[in-house]
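Data first, discussion second: the structure below is written as structure tokens.
The sequence lines fix the lettering, A, B, ..., with proteins before strands; numbering per chain opens at 1.
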Amino acid sequence: MNIYHYVPPQQPPNGYVGIDIEIFGMNDKTLHRPTSGKFACLSIAISPEDVYMIHDINEIPRAMYAVKDSIWAIHNAKFDLMNLRRWDKIEPRKKLWDTLLIERILYGGYFNTFGLNDLARRYLNVYMEKETRDEFKTATEMNEQMIYYAALDASMALSICYAQQKGMTKNDFKIWNEVDRDALWAVMDMKGMAIDVDKWLALAELNKQRGEELKASLPINPHSYKKLKLYLIERGFKGLKNTQEDTLIKAMHKYPKTDAAKYVQTILDSRDYLHSSSTYGRNFVEHHVEYDNDVAVIIPDWNITGAETGRMSCSDPNLQNIPVKATKEFRECFIARPGHIIIVWDYSSQEPRICAEITQDKRLLEILHSKNDIYCEMAWDVYEKRIQKSDPLRDATKPVFLGLNYGESSYGLAKTLGIEVDEAERLQNKFLKKYKGVAKLIEDAKHEKKYVKTILGRRAWLNPYSNQCERNAINSRIQGSAGDMTKQALAMMHKEWNFDCPFSVTGIIHDEIVADVPKEYVNDIAKFGQQCMVEVAQKMCPSVPAEAKIYMGSSWACKE
DNA sequence: GGAGACGGCGCC
DNA sequence: AAAGGGCGCCGTCTCC
């Protein structure tokens, strides 16, 4: 490998170059937030053998200009591009090849490691040591080894890009070109979610106090699973399998007169408060708050293909699991910036609609076209009762259908609904008899052993040796299609955003998109976002009417 | 003292 | 025998 320490010569159009940036002083939890760390070097491989290395930030624009017409091969492009944006203007472009995201398109569910070193081993039979990479965390200057390491990264990205191309189908390209690449550009332009730090801390303190008090009143640590289980068994909960909430409540009803039963409520309450205060407590803001024009914001790491199905995920911190059911008080802390309004768009019954599209189930399509409530209609089919939305029977219907979408057994449904197994089996059979398309989806899944595809053709590999294989075959198609849909909607919003304010999306929660927009644009943007979501859904699922709801308010708790 | 497994639990 | 899919994070426990 030849390493040249100057700007590369101007590259011809449409060739591939490998790019890698190294930053000193980054840590794993914050490397998605390119506000800290010091530039180490930029490596550009114009061939696997020839790498140009830049050590001066002032030369970055010239170096990037030299490769402006090339296709950029980068491993985890989000990191490199976000950092390059600190020193150069990097516009969304089609000429991008993210070896990480493309590997996930190729092998989601097949492999579970996707590091550059993993790909180097798989594709090129090359071993890349990790020790030097860690040196960048503490070093402030390059040494010989680090120079070689940085050059190798760029070279490897390019070689892997070539190797990946050989194994890609037309449809794999399509997923990259029409879903993940554009979603990546959208994610890179997302804003942090503004947070009311004082309110958050007050809430955290209160939860902590309540939790600690309850914990202190117990004879045993409610988080110490092993000891707690033994303790409760000794005091009357015969054969206790675990200490999960529903298990404890059941045991309490089964053995109401025991010593153990007296503790259940306190154990649950204590765990609840302490869970809140630990996950959504002081650390949450201390580790994750940044300031965006003096506004405290949370900037998490949005992962384009976090799930094997192709769904997105989120970490550091995860904003996709902020409590909302039991209490809205956490989401109330995520507020609009001054002079702004929060918009939440939400696909109505996204997965049932996708299920209808995939299965072409006659009854399901009929319901969705009728505009009647899905679960009220299903309650009629399953229980032979006409009900209103407020009827508790509606809540007993949802799990029958949704459970089947996940491959749930009658045993599982019985547990969920708190009924006998044969009753659960009867309900499922009743449902499947009426919904023959859904029944076929489940039947077909039994024969899938390699992979299944989403509506757009994204593969999710199956593990034929796993007892989850069949359930994954059912669910991956639906969940993955939903992931594709939301990502495409996000990408479309990003691409067609032409308001006089920057792209202001702050969250993606699977079937929900959150934005924080200036008051004067709120109605236009709300409508615009809704149109994008509906348009994407209708294109992907032409047999089903699409619906995206709009909510607005001063905080993320505006959904009612 | 750190890594990793596991249990538990928040969301869709 | 297990018994509902997908995540990420926390505390505990075990092991080195």
Side-chain angles (χ1 to χ4, degrees), chain A residues 29 108-109 208 211 215 220-229 241-248 267-268 270-284 287-288 300-303 305-328 330-331 346-352 354-355 398-417 421 424-425 428 442 445 452 460 462 466-483 485-486 507-513 556 559:
Chain A
K29 292 285 165 194
K208 194 174 170 189
K215 185 177 173 183
I220 186 149
N221 183 351
H223 291 106
S224 184
Y225 158 82
K226 290 196 163 178
K227 290 177 194 154
L228 178 64
K229 197 172 100 175
K241 286 224 166 54
N242 56 54
T243 71
Q244 284 168 16
E245 181 172 350
D246 57 334
T247 312
L248 292 186
I267 291 167
L268 294 178
S270 156
R271 276 208 302 226
D272 187 22
Y273 288 127
L274 288 175
H275 176 253
S276 292
S277 72
S278 57
T279 305
Y280 310 110
R282 186 163 283 277
N283 282 348
F284 192 95
H287 294 167
H288 302 297
D301 193 2
W302 299 99
N303 192 342
T305 35
E308 292 179 354
T309 56
R311 225 195 209 183
M312 290 184 68
S313 72
C314 178
S315 65
D316 307 299
N318 184 1
L319 290 190
Q320 291 181 325
N321 67 347
I322 304 293
V324 67
K325 283 181 190 145
T327 168
K328 292 191 192 307
F330 295 101
R331 292 208 182 184
D346 185 325
Y347 274 121
S348 318
S349 25
Q350 188 189 32
E351 293 201 0
I354 285 167
C355 177
K398 262 177 120 166
V400 178
F401 174 50
L402 295 180
L404 286 170
N405 280 323
Y406 299 144
E408 191 180 42
S409 66
S410 51
Y411 180 93
L413 181 64
K415 216 173 144 194
T416 311
L417 291 180
V421 178
E425 197 177 333
Q428 287 185 327
I442 293 167
V452 291
L462 301 167
S466 161
N467 62 16
Q468 282 207 122
C469 183
E470 189 181 322
R471 296 196 286 276
N472 287 332
I474 299 168
N475 180 248
S476 292
R477 295 175 68 189
I478 298 172
Q479 188 190 111
S481 299
M485 182 186 287
T486 304
I508 299 127
I509 296 85
H510 308 304
D511 62 350
E512 167 185 330
I513 297 179
W556 188 14
K559 258 169 87 172

Legend entry - Nearest-Å distance for atom pair CG/C1', residues A:Leu402 and C:dG6: 14 Å

Inset, instruction - May I ask you to say what A:Glu351 touches in the nucleic acid, namely base, sugar-phosphate or nothing, with a heavy-atom cut-off under 4.0 Å? - result: nothing

Inset, instruction - Return no unless some side-chain N or O of A:Gln468 is found under 4.0 Å from OP1 or OP2 of C:dA2. - result: no

Inset, instruction - Look at the side chain of A:Asn321 and the base of B:dG10, then say whether one donor and one acceptor between them are separated by less than 3.5 Å. - result: yes

Inset, instruction - Could you tell me whether A:Val324 contacts a base, only the sugar-phosphate backbone, or nothing, with contacts defined as non-hydrogen atoms closer than 4.0 Å? - result: sugar-phosphate

Inset, instruction - Just call it for A:Asn303: base, sugar-phosphate, or nothing, with non-hydrogen atoms closer than 4.0 Å on any strand. - result: nothing

Legend entry - Candidate nucleotides C:dA3, C:dC7, C:dT14, ranked by approach to the side chain of A:Ser313 - the nearest: C:dC7

Inset, instruction - Looking at every strand, decide which applies to A:Lys325 at a 4.0 Å heavy-atom threshold: base, sugar-phosphate, or nothing. - result: sugar-phosphate

Legend entry - Nearest-neighbour nucleotide for the A:His223 side chain, C:dA2, C:dT14, C:dG11 considered: C:dG11

Legend entry - P spacing across the pair C:dA2 / B:dC6, given as an integer number of angstrom: 15 Å

Legend entry - Sugar-phosphate only, base, or nothing, as touched by A:Leu404 at under 4.0 Å among non-hydrogen atoms: nothing

Legend entry - Side chain of A:Lys215 (C-beta onward), nearest among C:dT12, B:dC12, C:dA3: C:dT12

Inset, instruction - Let me have DNA chain C in dot-bracket notation, would you? Count Watson-Crick plus G-U wobble pairs, both distances under 3.5 Å, and use [ ] for pairs crossing earlier ones and | for inter-strand partners. - result: ....||||||||||||

Inset, instruction - For C:dG6, take OP1 and OP2 only and decide whether either is under 4.0 Å from a side-chain N or O of A:Asn472. - result: yes

Inset, instruction - Classify the nucleic acid contact of A:Ser476 as base, sugar-phosphate or nothing, counting any heavy atom under 4.0 Å across all strands shown. - result: nothing

Inset, instruction - For DNA chain C, determine which residues of residues 273-282 of chain A have any heavy atom closer than 4.0 angstrom to one of its atoms, and list them numerically. - result: A:Ser278, A:Thr279

Inset, instruction - Tell me whether the OP1 or OP2 atom of C:dC7 has a side-chain N or O from A:Gln320 closer than 4.0 Å. - result: no

Legend entry - Given B:dG8, B:dC12, C:dG5, the nucleotide with the shortest approach to the side chain of A:Thr243: B:dG8

Inset, instruction - Indicate, with a heavy-atom threshold strictly under 4.0 Å, whether A:Gln244 touches base, sugar-phosphate, or nothing. - result: sugar-phosphate

Legend entry - Listed nucleotide nearest any side-chain atom of A:Asn318, set C:dA3, C:dG8, C:dG6: C:dG8

Legend entry - Comparing A:Lys29 and A:Thr309 on DNA chain C - which has the more 5′ nearest nucleotide: A:Thr309

Legend entry - Distance, rounded to the nearest Å, where A:Ile322 contributes CD1 and C:dG8 contributes C1': 11 Å

Inset, instruction - Please state how far atom CD1 in A:Ile509 lies from atom C1' in C:dG8, giving the value in whole angstrom units. - result: 14 Å

Inset, instruction - Measure from the side chain of A:Ser315, starting at C-beta and using heavy atoms only, and say which of C:dC9, C:dG6, C:dA3 lies closest. - result: C:dC9

Legend entry - Integer-rounded Å distance: B:dG8 C1' and A:Lys241 NZ: 17 Å

Inset, instruction - Using atom CE of A:Met312 as one end and atom P of C:dG5 as the other, report the distance to the nearest whole Å. - result: 23 Å

Legend entry - Listed nucleotide nearest any side-chain atom of A:Arg471, set C:dG6, B:dG8, C:dA3: C:dA3

Legend entry - Side-chain N or O of A:Asn405 closer than 4.0 Å to phosphate OP1/OP2 of C:dG4: no

Inset, instruction - State whether A:Arg271 places a side-chain N or O below 4.0 Å from either non-bridging phosphate oxygen (OP1 or OP2) of B:dC9. - result: yes

Inset, instruction - Report yes if a side-chain nitrogen or oxygen of A:Lys227 is closer than 4.0 Å to either non-bridging phosphate oxygen (OP1 or OP2) of C:dC13; otherwise report no. - result: yes

Inset, instruction - Tell me which nucleotide among B:dC9, B:dG7, B:dC12 gets nearest to the side chain of A:Tyr225. - result: B:dG7

Inset, instruction - Indicate whether A:Tyr406 forms a stack on C:dG5; treat it as stacked only if centroid distance is below 5.5 angstrom and interplanar angle below 30 degrees. - result: yes

Legend entry - Touch class at under 4.0 angstrom, heavy-atom based, for A:Arg477 against every strand present: nothing

Inset, instruction - Write down the distance separating the C1' atoms in B:dC9 and C:dA1, rounded off to the nearest Å. - result: 26 Å

Inset, instruction - Give one of base, sugar-phosphate or nothing for A:Gln350, where a contact means two heavy atoms less than 4.0 Å apart. - result: nothing

